[in-house]
2 protein chains.
Amino acid sequence: MYLTDRLPRETGRDYALRTIKENIIRLELAPGSMVSENELAAALGLSRTPVREALIELNKVRIVEIYPQRGSSVALIDPALVEEARFMRRVMECAVAELACTTLTPEWLSRLQENVRLQNFYIQAETPYPEMLMSLDDQFHELLFGAANKPQTCQQVANLSIHFERVRSLALSTVKDPQIVRDHEALLDAIVNRNPERARRLMETHLGRYAIDVQALKEQYPDYFKK
Amino acid sequence: MYLTDRLPRETGRDYALRTIKENIIRLELAPGSMVSENELAAALGLSRTPVREALIELNKVRIVEIYPQRGSSVALIDPALVEEARFMRRVMECAVAELACTTLTPEWLSRLQENVRLQNFYIQAETPYPEMLMSLDDQFHELLFGAANKPQTCQQVANLSIHFERVRSLALSTVKDPQIVRDHEALLDAIVNRNPERARRLMETHLGRYAIDVQALKEQYPDYFKK
DNA sequence: AGTCAAGAACTAGTATGGAAGAATGCAACA
DNA sequence: TGTTGCATTCTTCCATACTAGTTCTTGACT
């Protein structure tokens, strides 16, 4: 397992959740593999309680399966759930892009602009940091939810997104396409100009760029998939 | 606290979650009031562990606040969160109504028809059971998510809905309007006839009927509200 | 050899005790 | 009177022990 240091002030439960989630996305904990509270607790240097609480939370979004008195496993990749995560994200983000046209405040605008500025910096850097761009990309979308005053909605969407992120990781798709940054700029422009129709349309085409051929992955890694 | 029997095969954690949630919605656990693992555990006849796990889950959707080493409280009513729950529900349900026009199968159709049939029965009964109608209403919307093959999305929407349900409870709004059943019938008709635009429009106006004047409630019960 | 039952070895669910941190009250002191 | 410091008493967080249920092994018997 990939292990990182426990952050200051981070509870054991949050540390366990963050680490387990990360390892599931990276496929370090393989789809379908059994995990036990005991093993994870030992690996993380914690007791079963915080680990168990983390597993319960992951079970809520069907990324971990718990069979009482039998064991727990990392869920196999379920194409229906991956599609559902995509669906929910697309629907909510388009609605938020529209809404942001009427709710955007100068403070949120400046945060979004700063984010885009950084994206441009890292895309032009000689040594590109793909994980940095990825993180900025996530941040941009989160900022939009913030600008629309819908942070909890963002959280609920993110809950399901793990299914999509895992598949993205399996496809080794690192997003360093400069077009994505152009998309963000155009989107922000539409929002600043209070053009909801255009914002929605841009978001729709933008999200289309993250498309992944799940069926092809299923043929390549059949053991990782459901059914 | 309102207590019901523990269901067969229900774990202590699920029982605690169900009961605490129910009591928060009914305002039996008042907004802003302190709750402690110990008190709840004693009231429910459980140990602190399952109660704690239930509180953690409720904290994830901001209906319970946990202050480490200080205590936990039922969150005050936050109009922004109530609005957010409404927003998320409206956006997702409209999208699902549209989608169901292309995904509806005969099995789901018959379930929906049976549901509407029961609604008509209970609305015409001499002794109306408001909680039964409410439950059937919830079921109808859940069935739509099922018909669109988006059950997890339904779950995520439901997570936030507790904020709205609590306010509805505070407003004492029992939904026994026959118009709602008519709405469901019209909506189902639009879906059966594969008319996504009409389905979306009907869902939009239908959800409008659940509107509640949160501001008025805030003036009537200022202690229950944030700020 | 094949079958079945008993028990060993796992699992998650629950109970409980203690540790760490935060609030409160009170006493000591300026 | 106002302030500081400490002890008390809360709380959640975590570790650990125990319970109960499942699976797998093992060995006796047919």
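So you know, we letter chains A, B, ... as the sequences are listed, proteins then strands, and number each from 1.
- The shortest heavy-atom contact between Leu207(A) and Arg90(A) is CD1-CA, 3.6 Å.
- Panel note: side chain Thr103(B), backbone Ala147(B); a donor-acceptor pair is recorded below 3.5 Å.
- Counting to the nearest Å, the P atom of dT14(C) and the CD1 atom of Ile56(B) are 14 Å from each other.
- A salt bridge between Glu114(B) and Arg117(B) is present, with a side-chain N of the basic residue lying under 4.0 Å from a carboxylate O of the acidic one.
- A donor-acceptor contact shorter than 3.5 Å links the side chain of Tyr15(B) to the backbone of Thr4(B).
- The nearest pair of heavy atoms linking Gln152(B) to Glu84(A) is N-OE2, 2.7 Å.
- Nearest to the side chain of Ser36(A), among dA12(C), dC14(D), dC13(D), sits dA12(C).
- Nearest heavy atoms, Thr19(A) versus Asn23(A): O-ND2, 2.8 Å.
- In this structure the side chain of Val96(B) never reaches within 4.5 angstrom of the side chain of Thr153(B), judged on heavy atoms.
- By the 6.0 Å and 45° rule, Arg89(B) stacks over the aromatic ring of Tyr210(B).
- No N or O donor and acceptor, one from the side chain of Gln69(B) and one from the base of dT11(D), sit under 3.5 Å apart.
- Among the heavy atoms of the strands, none lies under 4.0 Å from Arg9(B).
- Note on the helix from dA1(C)-dT30(D) to dA30(C)-dT1(D): angle between the axes of the first and last five pairs equals 10°, rounded to 10 degrees.
- In terms of phosphate contacts, Arg70(B) brings a side-chain nitrogen or oxygen within less than 4.0 Å of OP1 or OP2 of dA23(C).
- Annotation: side chain of Ile77(A) is in contact with side chain of Leu170(A) (closest heavy-atom distance under 4.5 Å).
- Contacts of residues 11-24 of chain A with DNA chain C (heavy atom under 4.0 Å): none.
- Both Glu10(B) and Glu39(A) sit near DNA chain C, but only Glu39(A) has its closest nucleotide nearer the 5' end.
- Between Ile66(B) atom CD1 and dT12(D) atom P there is a gap of 8 Å when expressed in whole angstrom units.
- Within a 6.0 Å radius of CZ in Arg62(A), other residues, nucleotides and ligands contribute 12 heavy atoms or fewer.
- In terms of position on DNA chain D, the residue among Pro68(A) and Glu53(A) whose nearest nucleotide sits closer to the 5' end is Glu53(A).
- In this structure, Ser72(B) does not reach the dT11(D) phosphate: none of its side-chain N or O atoms is under 4.0 Å from OP1 or OP2.
- Note: CD (Glu37(A)) to P (dC10(C)) measures 16 Å, nearest angstrom.
- Rounded to whole Å, atom P of dT11(C) lies 9 Å from atom CE of Met34(A).
- Within residues 44-52 of chain B, the residues that place at least one heavy atom under 4.0 Å from DNA chain C are, in residue-number order, Leu46(B), Ser47(B), Arg48(B), Thr49(B), Pro50(B).
- Using a 4.5 Å heavy-atom cutoff, the side chains of Gln139(A) and Leu136(A) are in contact.
- Residue Asn38(A) places none of its side-chain N or O atoms closer than 4.0 Å to OP1 or OP2 of dC10(C).
- Ser169(A) places a side-chain N or O within 3.5 Å of a backbone atom of Ile25(A) that can act as its donor or acceptor partner.
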